[in-house]
Amino acid sequence: MIRIAAVGDVHMDRDVLGRFRPALEELPDRADVLLLAGDLTRHGTEEEARCVATEFGNLGVPVAAVLGNHDHHRDEVPQVIRALETAGIVVLEGTNLVLDCGGVRLGVAGAKGFGGGFAGRCASEFGEPEMKAFIRTTQAIADQLGEALREMDCDVRVALTHYAPVPDTLAGEPLEIYPFLGSYLLGQAIDSAPTELALHGHAHAGSERGSTPGGVRVRNVAHPVIKQAYSVFHLYPPYAGTGARVSAAGETGSS
Ligand SMILES: [Fe+2]
Ligand SMILES: [Fe+2]
């Protein structure tokens, strides 16, 4: 069994420091890895990123993250990434990471994602250059995510994004802003590989559970949604040699 802790949208700043740390100190007993689903900072400043590093660094378990739109706001992404990496946090953007969890290879592919909307109610690559650039951006990110998922040599695959890959986990958000909260192209990328679990954030007023058209479980781990320091997902690798998969997932939390 692999235990994956996850949270997004922690929006760190100096006044948030220490809020998560007491629960995080217990993490090595409860999880094998911590995944951060973007919007780690409030406005994307280097100083806020150092707060993330202080709060989520040196936990005793590997930590991987994607950035969110807030982490881009000040156009200091290289500085933000450097601050996170200094604390040992691996930042994924169209890239992946394979971890050995007690002999089971956990593959995590991550990308921030972007908007565009969902089938039947989505923007398309048509018309003005600005609209085409919008959708081409999402398509390029989704293509990188799909490739990063498919290329991994691992036993269990997890997708990590900030933007939502399905509309299910947006329930509670105004319908009018769905196109700014995610894209079905991310869901297609996730379905292009045998993915076990897809985690995202961004939708603070959304809901926790959903699934892709291909049946991959999707969980919105935005902190305002899970209302705890992190959720823990239990994943079971396939039986060796049979191809069968124990697909039960436990979901617990820590406040
Ligand atoms: Fe957020
Ligand atoms: Fe966001």
Student: Out of curiosity, Leu67 CG to Thr41 OG1, how far, rounded to the nearest 0.5 Å?
Tutor: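 Separation between the atoms: 8.0 Å.
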Student: Measure across Thr195 and Val216 and return the closest heavy-atom pair with its distance rounded to 0.1 Å.
Tutor: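 Closest approach of Thr195 to Val216, heavy atoms only: O-CG2, 3.5 Å.
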Student: Determine yes or no for a side-chain-to-main-chain donor-acceptor pair under 3.5 angstrom, with Glu46 supplying the side chain and Ala83 the backbone.
Tutor: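 The answer is no, because no donor-acceptor pair under 3.5 Å joins these two groups.
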Student: Atom CD of Glu173 and atom OG of Ser207: how far apart are they, to the nearest 0.5 Å?
Tutor: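 Those atoms lie 9.0 Å apart.
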Student: Please check this pair: side chain of Arg21 against backbone of Thr54, looking for a donor-acceptor N/O pair closer than 3.5 Å.
Tutor: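 Pair found, side chain donor or acceptor close to backbone of Thr54.
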Student: Give, for atom CZ of Phe233 and atom CG of Leu199, the distance between the pair rounded to the nearest 0.5 Å.
Tutor: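 Phe233 atom CZ to Leu199 atom CG measures 5.5 Å (nearest 0.5 Å).
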Student: Between Arg157 and Met152 (side chain of the first, backbone of the second, donor and acceptor by atom type, cut-off under 3.5 Å), is there such a pair?
Tutor: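 A pair under 3.5 Å: yes.
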Student: Out of the candidates Thr169, Asp9, Thr161, only one should pair with His200 under the side-chain hydrogen bond (donor to acceptor under 3.5 Å, both in side chains) rule; please name it.
Tutor: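 With His200 as partner, Thr169, Asp9, Thr161 yield a single side-chain hydrogen bond (donor to acceptor under 3.5 Å, both in side chains), made by Thr169.
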Student: Report yes if some heavy atom in the side chain of Leu36 is under 4.5 Å from a heavy atom in the side chain of Val7; otherwise report no.
Tutor: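 When only atoms from C-beta onward are counted, Val7 and Leu36 do touch, with a gap below 4.5 Å.
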Student: Answer with yes or no whether the hydrophobic clustering places Phe114 together with Leu92; edges join I, L, V, M, F, W, Y residues whose side-chain heavy atoms lie under 4.5 Å apart.
Tutor: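 No; tracing contacts between hydrophobic side chains, which count when under 4.5 Å, never links both residues.
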Student: For a 4.5 angstrom cut-off between non-hydrogen side-chain atoms, does Glu125 reach Lys132?
Tutor: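 With C-beta onward as the side chain, the pair touches.
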Student: How about His223 and His11: do any of their side-chain heavy atoms sit closer than 4.5 Å?
Tutor: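 His223 vs His11: side chains apart.
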Student: So which atom in Cys51 and which in Asp13 form the shortest heavy-atom distance, rounded to 0.1 Å?
Tutor: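 Where Cys51 meets Asp13 most closely, the heavy atoms are SG-C, 3.8 Å.
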Student: Which atom pair, heavy atoms only, marks the closest approach of Val218 to Pro165?
Tutor: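 Closest heavy-atom pair between Val218 and Pro165: CG1-CG, 3.9 Å.
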Student: Taking the side chain from Asn69 and the backbone from Asp39, do they hold a donor-acceptor pair closer than 3.5 Å?
Tutor: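 Such a contact is absent between Asn69 side chain and Asp39 backbone.
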Student: Hydrophobic clustering (ILVMFWY, side-chain heavy atoms < 4.5 Å, transitive) - are Ile135 and Tyr163 grouped together?
Tutor: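 Yes; Ile135 is reachable from Tyr163 via cluster members.
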Student: Looking at Arg42 and His70, would you say the former's side chain and the latter's main chain have a donor-acceptor pair under 3.5 Å?
Tutor: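 No: the side chain of Arg42 does not pair with the backbone of His70.
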Student: Determine whether His162 and His72 satisfy the following criterion, side-chain hydrogen bond (donor to acceptor under 3.5 Å, both in side chains), listing intermediate values before the conclusion.
Tutor: CA-CA 12 Å; His162 180 60; His72 280 252; over 6 Å; no
Student: Are any side-chain N or O atoms of Arg150 and backbone N or O atoms of Ser192, one a donor and one an acceptor, separated by less than 3.5 Å?
Tutor: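 No; judged by distance alone, with no hydrogens or angles, the pair does not exist.
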Student: Are any side-chain N or O atoms of Asp191 and backbone N or O atoms of Thr212, one a donor and one an acceptor, separated by less than 3.5 Å?
Tutor: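 Flag not set: sc Asp191 to bb Thr212 has no pair under 3.5 Å.
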Student: Can you find a pair of side-chain heavy atoms, one from Gln139 and one from Asp143, that are under 4.5 Å apart?
Tutor: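 They are in side-chain contact.
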Student: For Phe134, I'd like to know if atom CZ has over 12 heavy atoms of other residues, nucleotides or ligands within 6.0 Å.
Tutor: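 Yes - once you tally the heavy atoms of other residues, nucleotides and ligands closer than 6.0 Å, there are more than 12.
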Student: Determine, for Glu93 against Lys112, whether the closest basic-nitrogen to carboxylate-oxygen distance falls under 4.0 angstrom.
Tutor: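 Looking at Lys112 together with Glu93, the answer is no, because their closest N to O distance does not fall below 4.0 Å.
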Student: Which atom names give the shortest non-hydrogen contact between Ala193 and Leu149, and what distance separates them?
Tutor: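 Answer, listing the atom of Ala193 first, then Leu149: CB-CB, 3.8 Å.
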Student: If hydrophobic clusters are built by linking Ile, Leu, Val, Met, Phe, Trp and Tyr wherever their side-chain heavy atoms come under 4.5 Å apart, do Val33 and Val104 end up in the same one?
Tutor: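 In one cluster: yes.
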Student: Looking only at heavy atoms, what is the nearest atom pair of Gly116 and Ser183, with distance?
Tutor: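 The pair with the smallest heavy-atom distance is N-CB, 4.4 Å.
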Student: Measuring from atom CG of Leu35 to atom CD1 of Ile89, what distance do you get when rounded to the nearest 0.5 angstrom?
Tutor: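 Leu35 atom CG to Ile89 atom CD1 measures 11.5 Å (nearest 0.5 Å).
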Student: Taking it one step at a time, do Val108 and Val90 satisfy side chain to side chain contact (heavy atoms under 4.5 Å, CB included)?
Tutor: CA-CA 11 Å; Val108 181; Val90 177; over 6 Å; no
Student: Using the rule that two of Ile, Leu, Val, Met, Phe, Trp, Tyr join whenever any of their side-chain heavy atoms come within less than 4.5 Å, decide whether Tyr184 and Leu145 are in one cluster.
Tutor: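 No, it is not one cluster - the side chains of Tyr184 and Leu145 are not joined through contacts under 4.5 Å.
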Student: Enter the distance from Leu97:CG to Leu106:CG here, rounded to the nearest 0.5 Å.
Tutor: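 Reported value, rounded in 0.5 Å steps: 8.0 Å.
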Student: For residues His73 and Glu48, determine if any side-chain heavy atom of one lies less than 4.5 Å from a side-chain heavy atom of the other.
Tutor: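 No; the side chains remain at least 4.5 Å from each other.
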Student: Hey, what do you get for CG (Leu17) to CZ (Arg50), rounding to the nearest 0.5 Å?
Tutor: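 Going from CG on Leu17 over to CZ on Arg50, the span is 11.5 Å.
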Student: Side chains of Val98 and Asp153: closer than 4.5 Å at any heavy-atom pair?
Tutor: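 The answer is no, as the side chains (C-beta and beyond) never meet within the 4.5 Å cut-off.
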Student: Can you find a heavy atom in the side chain of Leu27 that is under 4.5 Å from one in the side chain of Tyr230?
Tutor: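 The answer is yes, as the side chains (C-beta and beyond) meet within the 4.5 Å cut-off.
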Student: Any Lys/Arg nitrogen of Glu208 or Arg219 sitting under 4.0 Å from an Asp/Glu carboxylate oxygen of the other?
Tutor: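 No salt bridge links Glu208 with Arg219.
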Student: Is there a path of hydrophobic side-chain contacts, each under 4.5 Å between heavy atoms of I, L, V, M, F, W or Y residues, that connects Met12 with Leu40?
Tutor: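 Both belong to a single hydrophobic cluster.
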Student: Indicate yes or no: at least one non-hydrogen side-chain atom of Met131 is less than 4.5 angstrom from one of Phe126.
Tutor: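 Counting from C-beta outward, Met131 and Phe126 never come under 4.5 Å.
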Student: Closest approach of Leu34 and Val61, non-hydrogen atoms and distance?
Tutor: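 Heavy-atom minimum between the residues: N-CG2, 4.2 Å.
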